[in-house]
Number of protein chains: 2
Amino acid sequence: MSPHEQSAKLTSALEDYLETIFEYTQRQGFVRVKDIARVRNVKAGSVSPAMRRLSEMGLIDYERREYIRLTESGERLAREIFSRHEVLSRFFCEVLKMDREEAVKNACAMEHSLTEDAKDHLVLFMEFLLNCPFFDIVHWQRFHDQQMDITRADGCDHSCTTACVFSAMRGEGMEPLRRLSDLVPGETAVITILEGEGDERRELLNLGLIPGSSVTLSHHHPDGIHSELLINGFGLRFLRALGARVCVAGENPSTRG
Amino acid sequence: MSPHEQSAKLTSALEDYLETIFEYTQRQGFVRVKDIARVRNVKAGSVSPAMRRLSEMGLIDYERREYIRLTESGERLAREIFSRHEVLSRFFCEVLKMDREEAVKNACAMEHSLTEDAKDHLVLFMEFLLNCPFFDIVHWQRFHDQQMDITRADGCDHSCTTACVFSAMRGEGMEPLRRLSDLVPGETAVITILEGEGDERRELLNLGLIPGSSVTLSHHHPDGIHSELLINGFGLRFLRALGARVCVAGENPSTRG
DNA sequence: GGGCTCATTTAGACACCTCTAAAACCATAA
DNA sequence: TTATGGTTTTAGAGGTGTCTAAATGAGCCC
């Protein structure tokens, strides 16, 4: 009856349960333990105590063995949780152009830790993209598709294509791009493009070579095939051959201004 | 010595420990239990068993009561985890323009659930923004600052300003925008802008009124002050007065194409 | 060596979430 | 009314991660 602990923070598991209840009740008006267990892929024995706790918190109306319904405050909270889910999955799906399924999977896992502040900024950004004529979705779409094709390609080297696309976008014709491997000791630059495909590309990322990162080449290793560099203060020894796949710009590009 | 379970998936807590060890050893070459406990804000008694497990997995070199160092495979994995962290915090900070501290806080909490696929797409998007001349960072910056000022304002109604900014961006002069409250029963539209400030804006979001969402007005409630609508299949009763703060576009805007 | 101090480990508790298996409950059919 | 079958709850156990408090170890000064 009384909302005992309405202010207490929910655990992620309880948030998930509440969200499932919301989604289900939107369709049916009520849920049973069995439904929740099925949707959330757990056993009914795990759901039962969770319902008791949600009920004690005043978030659901629940008498043992009866239908489960949201209270008013429960629905408000559930919509709030669901809104985090929606913002994230919409961003992944519609802005980043991920597969719907993969987008939702990520959103489900990340939504519990998205702060209000982050949500505010993310939504504002999406509003901007939705309305700004200077963000040319056509270019982004084309670039995305082309890159994704490349990562799925059969090993053929498309780096020239990539450079082309970027050069065209920059309005610079076919002017050659500088590479990480071109840097001289002591020189600092910003990473702008990774040209690797698939796993090779991921290897670059996993080493910390992330677009937007500022890198300083410390020195070439005596072995002649490695170089040492500093990425945001972290040291890294890498194969110079790999560095040829990393494009850099001499000064901070416009996005950082 | 031997990497017993190198393939076993790490829990988030162990990932955090490994990441902390990485960051610390980059500066000092080694870490002690005490350092980790301080940085991660836990007691030494909690760190100890975690180090034993990481050691059993072959990710760190650790003899009881000695310094902690990463093994080769541990460092590789740590860099991979750190790369997820970097991608996310860079996105929050440099693209979404959040405060560095808040950006890192979110990244720390979300990094453990960012899949490879999501990271790929996010990085690709950042590459695009870094290089695309059609994404005019100046407009985004100005819009961001203006909106953020609005949310921090003292309650004065800036909706005209907001409309102005958007109209200018769309190159439409001062042509009036349609509102959610203007929809007639049965009509469908896409949410483009939320004009509320601070908590009012959040209330809209928490109800599910998210930019990009498709909404269909079901009917006006007999009480005259509420309306019922469908957002992506979910029902919602809302105050029509609130709907005046929500801008909509008749057809899918360009971002969805 | 003795004693001091600090770091680390261990042990015991608690919380949370999950599972399985068995018991309790309920509705419906015979 | 009784039997049956599906649903839900309970009980017990395991895994993870945290804490506190006490025990252990190591270094250092006298």
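In the text below, chain A, chain B and the rest are named by the order of the sequence lines, each starting its count at 1. Values in this document were obtained by computation on a predicted structure and should not be read as measured data.
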Charged N-O contact under 4.0 Å between B/Arg79 and B/Glu75 | yes
Short side-chain N/O contact from A/Tyr62 to OP1 or OP2 of D/dT8, under 4.0 Å | no
To the nearest angstrom, the CG-P distance between A/Asp16 and C/dC16 comes to 16 Å
Determine: side-chain N/O of A/Tyr17 to OP1/OP2 of C/dC16, distance under 4.0 Å, yes or no.
-> no
Within the pair A/Lys43 and C/dC19, is there a side-chain N or O less than 4.0 Å away from OP1 or OP2?
-> no
C/dT8 phosphate, OP1 or OP2: any side-chain N/O from B/Arg52 under 4.0 angstrom?
-> no
Nearest of D/dT8, C/dT18, D/dT10 to any side-chain atom of A/Val42?
-> C/dT18
Residue A/Ser46, side-chain heavy atoms: nucleotide from D/dT18, C/dT18, D/dT9 that is nearest | C/dT18
What are the two closest heavy atoms between A/Leu230 and A/Gly235, and how far apart are they?
-> CD1-CA, 4.1 Å
Separation of A/Ile60 atom CD1 from D/dT8 atom P, in whole Å?
-> 13 Å
Looking at D/dT10, C/dT10, C/dT18, which one has an atom nearest to any side-chain atom of A/Arg40?
-> C/dT18
Cationic tip of B/Arg27 above B/Tyr24 ring, under 6.0 Å, 45° of axis | yes
Would you mind telling me which residue lines up with the more 5' stretch of DNA chain C, B/Asp35 or A/Asn41, judged by nearest nucleotide?
-> B/Asp35
Expressed in angstrom and rounded to an integer, what is the separation of A/Arg64 atom CZ from C/dA24 atom P?
-> 12 Å
Residue whose nearest DNA chain C nucleotide is more 5′ - B/Val31 or A/Glu66 | B/Val31
Should B/Glu101 and B/Lys105 count as an ion pair when the cut-off is N to O under 4.0 Å?
-> no
Please state how far atom CG in A/Leu10 lies from atom P in C/dC16, giving the value in whole angstrom units.
-> 12 Å
Closest contact, heavy atoms only, B/Ala103 versus B/Phe92 | CB-CB, 3.6 Å
Calculate the interatomic distance between A/Ile68 atom CD1 and D/dT8 atom P; express it in whole Å.
-> 8 Å
Look at all strands and tell whether A/Tyr67 reaches a base, only sugar-phosphate, or nothing, counting heavy atoms closer than 4.0 Å.
-> nothing
Using whole Å, report how far CD of A/Glu56 lies from C1' of C/dC16.
-> 14 Å
Which whole-number value in Å describes the distance from A/Lys34 NZ to D/dT9 P?
-> 14 Å
Pick base, sugar-phosphate or nothing for B/Ala13, based on heavy-atom distances below 4.0 Å to the nucleic acid.
-> sugar-phosphate
d(CD1, A/Ile36; C1', D/dT9) in whole Å | 14 Å
With respect to the side chain of B/Val33, which nucleotide from C/dT8, D/dT8, C/dT18 is positioned closest?
-> C/dT8
